Amino acid sequence: MRSVPISLGERSYVVQVGSGLIAKLGDHCRRLKLGERCVIVTDANVGPHFADAAARSLKMSGFVPSLVTVPAGESSKSLKIAGECYDQFAMKRLERKSFVIALGGGVVGDLAGFVAATYLRGLPFVQVATTLLAQVDSSVGGKVGINLKAGKNLVGAFHQPKTVLCDLDTLGTLPDREFRSGLAEVIKYGVIRDPELFKRVEKDLGKILERDPNVLTHIISRCCAIKAEIVSEDEFETKGLRALLNFGHTIGHALEAISGYDEYLHGEAISIGQVAAARLSVKLSTLTEKDSIRIHDLLARAGLPVELKLTPKKRDHLVEAMKTDKKVSGGEVKFVLAESLGKAIAGQRVSDSEVTGILNTLAGTEAG
Ligand code: NAD
Ligand code: GLY
């Protein structure tokens, strides 16, 4: 097992990466000195696999857990489902000292974290991340939120978890497409911060796709450590550093929004977004064509989409959707661009015509 500390003063916590961690959930919570009553929020796919084991472990440590199960999928990150969670919390008589356990992927983590941040003006919460994407990214850093029709994560809060458990055993039931979606965020960390990580994924992709626990332990803890460095320095995304984590997300989020959140998985949308951002980086920054091609090729080898065929009408729709994203500032859409593999810069202005030009190259006719 590896432990990655997230240093945030009194909001500091530890991410644990290893096997058999759900069985130790109760022990971990007991050390945090939380109240007795707790609620496990999970989704309809994850609950049947892991909710019993989580509840058993909590009970053995003297907690009184109950269960709230939401439908699986991005559409649960909504005001409607958040409202249903509040009603369930009230029925279960949660109190100020009660706590919430988000048992699932990024959807459950963002939703349950948001409900925890706002119910009774804030309950403590614990993340038990069950997808690769959640283990390398969404469970760490305290961004929680829900979507509106107008855009992703438009309603949210910063609410740090008390601890994060990344139990590798949970990845055993994760569908292949979901696993590959998480790899898009892993590759992103390499591009923005760590050329060695990028090389390691290039070299060990076969073992990663076989879900080799040793390689995964290394990769997941390295991603969490990178996120820890960034979040510790810029928790509230005011210094331009945390924004680096949005490489590929400007186009990715807009693509998710215009496709009604059900055509592309998050990692798939940001895979296409990263190919676009890499090509923009060649045009507008100092990334070499060769490294842009490496980014494209690694995403493609990971089985992620790297092409996007849009009608001119849909393409214009996507450019408009970018303007309701959270990354707009002073009315301008801001991009993260790569200066080289492992070094990125946030807050870059890119004109609509540059974006349109790059989107036109994604139709599958150009290599790299
Ligand atoms: P997800 O939570 O929808 O999980 C993917 C699918 O896998 C779901 O159908 C789920 O039920 C199922 N599943 C989860 N764990 C499983 C397991 N162990 N076995 C079998 N099935 C399992 O999606 P995700 O990819 O984990 O997260 C995507 C979300 O994360 C998006 O909403 C995205 O915006 C958000 N996100 C948030 C942050 C953040 O910092 N808060 C960062 C990145 C992404
Ligand atoms: N996933 C972006 C962030 O946590 O800031």
Side-chain angles (χ1 to χ4, degrees), residues 6 22 41-51 53-54 69-78 102-114 117 127-147 151-154 156-161 164 166-186 188-189 192 211 223-224 226-228 230-231 233-250 252-253 255-257 261-262 264-270 325-327 336 346:
I6 314 289
I22 289 190
V41 179
T42 190
D43 74 26
N45 291 336
V46 178
H49 292 299
F50 309 113
T69 304
V70 301
E74 186 72 27
S75 55
S76 278
K77 270 177 61 173
S78 66
L103 172 66
V107 164
V108 165
D110 283 9
L111 169 75
F114 176 70
Q127 292 262 20
V128 182
T130 67
T131 63
L132 180 62
L133 187 138
Q135 296 185 353
V136 298
D137 193 346
S138 64
S139 65
V140 179
K143 277 192 184 175
V144 294
I146 54 176
N147 305 325
K152 284 268 293 181
N153 302 330
L154 287 183
F158 287 100
H159 189 53
Q160 299 294 344
V164 179
C166 300
D167 188 337
L168 296 178
D169 300 341
T170 61
L171 300 180
T173 52
L174 188 67
D176 195 52
R177 185 177 168 202
E178 299 291 350
F179 185 83
R180 290 173 193 267
S181 170
L183 276 178
E185 298 280 13
V186 174
K188 173 196 81 179
Y189 284 110
I192 63 166
R211 307 186 195 189
C223 292
C224 290
I226 294 173
K227 188 149 185 186
I230 290 177
V231 171
E233 269 186 58
D234 186 15
E235 183 179 6
F236 301 110
E237 204 166 317
T238 50
K239 301 180 187 162
L241 182 62
R242 186 164 183 164
L244 296 183
L245 294 167
N246 292 329
F247 182 76
H249 285 55
T250 309
H253 277 171
L255 183 57
E256 284 182 89
Y261 301 116
D262 58 7
Y264 294 96
L265 300 179
H266 178 69
E268 293 172 345
I270 67 147
D325 196 82
K326 293 192 303 324
K327 290 173 279 300
V336 181

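Computed from a predicted model, the values in this text were never measured in an experiment. Atoms within a ligand are numbered from 1 in the order they appear, just like the ligands themselves.
Note on ring orientation: taking the six-membered ring where Trp is involved, the planes of His266 and His253 are tilted (angle from 30° to 60°).
In terms of protein heavy atoms, atom 22 (C) of ligand 1 is closest to Leu174 CD1, 3.7 Å. For atom 13 (N) of ligand 1, the closest heavy atom belonging to the protein is Val46 CG2, 3.6 Å. For atom 21 (N) of ligand 1, the nearest non-hydrogen atom of the protein is Pro175 CD, 3.8 Å. When only non-hydrogen protein atoms are considered, atom 3 (O) of ligand 1 lies nearest to Val107 CG2, 3.2 Å. Ranking the protein heavy atoms by distance from atom 39 (C) of ligand 1 puts Ser138 CA, 3.6 Å first. At the shortest separation from atom 5 (O) of ligand 2 among protein heavy atoms lies Arg242 NE, 2.7 Å. Here the heavy atom of the protein found nearest to atom 20 (C) of ligand 1 is Thr173 O, 3.1 Å. Closest to atom 4 (O) of ligand 1, if we only count protein heavy atoms, is Thr131 CG2, 3.6 Å. In this structure, the protein non-hydrogen atom closest to atom 15 (N) of ligand 1 is Thr130 OG1, 2.7 Å. Among protein heavy atoms, the minimum distance from atom 1 (N) of ligand 2 is reached at Asp137 OD1, 3.4 Å.
Looking only at side-chain heavy atoms (C-beta outward), His249 and Glu185 come within less than 4.5 Å of each other. Looking at heavy atoms from C-beta onward, Val336 lies out of side-chain contact with Thr250 at the 4.5 angstrom threshold.
Atom numbering of ligand 1 starts at 1 in the shown order; those under 4.0 Å from a heavy atom of Ala72 are 9 (O), 11 (O). Those atoms of ligand 1 that come under 4.0 Å of a heavy atom in Glu74, given as number and element, are 31 (C), 32 (O). Set against the non-hydrogen atoms of Asp137, the atoms of ligand 1 under 4.0 Å away are 42 (C), 43 (C). Heavy-atom proximity to Phe50, at under 4.0 Å, picks out these atoms of ligand 1: 18 (N). Atoms of ligand 1 found under 4.0 Å from any heavy atom of Gly105 (numbered from 1 in listed order, with element): 2 (O), 26 (O). For ligand 2 and Lys143, the ligand atoms under 4.0 Å from any heavy atom of the residue are 2 (C), 3 (C), 4 (O), 5 (O). Residue Lys77 approaches ligand 1 through these ligand atoms, each under 4.0 Å from one of its heavy atoms: 31 (C), 32 (O), 33 (C), 34 (O), 35 (C). Listed by number with element, the atoms of ligand 1 under 4.0 Å from a non-hydrogen atom of Glu178 are 5 (C), 6 (C), 7 (O).
Distances between N or O atoms of Glu185 and those of ligand 1 include no value under 3.5 Å. Between Lys188 and ligand 2, a contact under 3.5 Å exists for no N or O pair. For Lys227, a nitrogen or oxygen atom sits less than 3.5 Å from a nitrogen or oxygen atom of ligand 2, counting backbone and side chain alike. Residue Lys152 places at least one N or O, backbone or side chain, under 3.5 Å from an N or O of ligand 1. The distance criterion of under 3.5 Å between nitrogen or oxygen atoms is not met by Ala134 with respect to ligand 1.
Using a 4.0 Å cut-off between heavy atoms, Leu133 contacts ligand 1 through its side chain alone, with no backbone atom that close. Only the side chain of Asp43 comes within 4.0 Å of ligand 1, judged by heavy-atom distances. In Asp110, the part holding a heavy atom less than 4.0 Å from any atom of ligand 1 is the side chain. Residue-level proximity to ligand 1 for Lys227 is carried by the side chain, the only part with a heavy atom below 4.0 angstrom.
Formation of a donor-acceptor pair under 3.5 Å by the Gln160 side chain with backbone atoms of Gly141 is found in this model. For Thr130 (side chain) and Thr170 (main-chain N/O), no donor-acceptor pair under 3.5 Å exists by modelled atom type. Formation of a donor-acceptor pair under 3.5 Å by the Glu237 side chain with backbone atoms of Arg242 is not found in this model. Side-chain atoms of Asp234 come within 3.5 Å of backbone N or O of Leu241 as a donor-acceptor pair. Looking only at distances, no side-chain donor or acceptor of Asn153 sits under 3.5 Å from a matching main-chain atom of Gly145. At distances below 3.5 Å, not a single donor-acceptor pair connects side-chain atoms of Asp43 with backbone N or O atoms of Pro71.
Considering each of Gly156, Pro48, Gly106, the one bringing a non-hydrogen atom nearest atom 24 (P) of ligand 1 is Gly106.
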CA sep, side-chain torsions, deciding dist, call: Val70, Leu111, side chain to side chain contact (heavy atoms under 4.5 Å, CB included): CA-CA 10 Å; Val70 301; Leu111 169 75; 4.0 Å; yes
Criterion side chain to side chain contact (heavy atoms under 4.5 Å, CB included) on Phe50 and Thr173, from CA distance to verdict: CA-CA 10 Å; Phe50 309 113; Thr173 52; 3.4 Å; yes
From CA spacing to verdict: side chain to side chain contact (heavy atoms under 4.5 Å, CB included), Asp137, Lys188: CA-CA 10 Å; Asp137 193 346; Lys188 173 196 81 179; 3.0 Å; yes
Worked check of side chain to side chain contact (heavy atoms under 4.5 Å, CB included) between Tyr189 and Lys227: CA-CA 8 Å; Tyr189 284 110; Lys227 188 149 185 186; 3.3 Å; yes
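By the side chain to side chain contact (heavy atoms under 4.5 Å, CB included) test, Asp176 pairs with Arg180, Arg211, sequence neighbours left out.
Residues Cys224 and Gln135 share a closest heavy-atom pair of SG-O, 3.1 Å. Ala257 approaches Gly151 most closely through the heavy-atom pair CB-CA, 4.5 Å.
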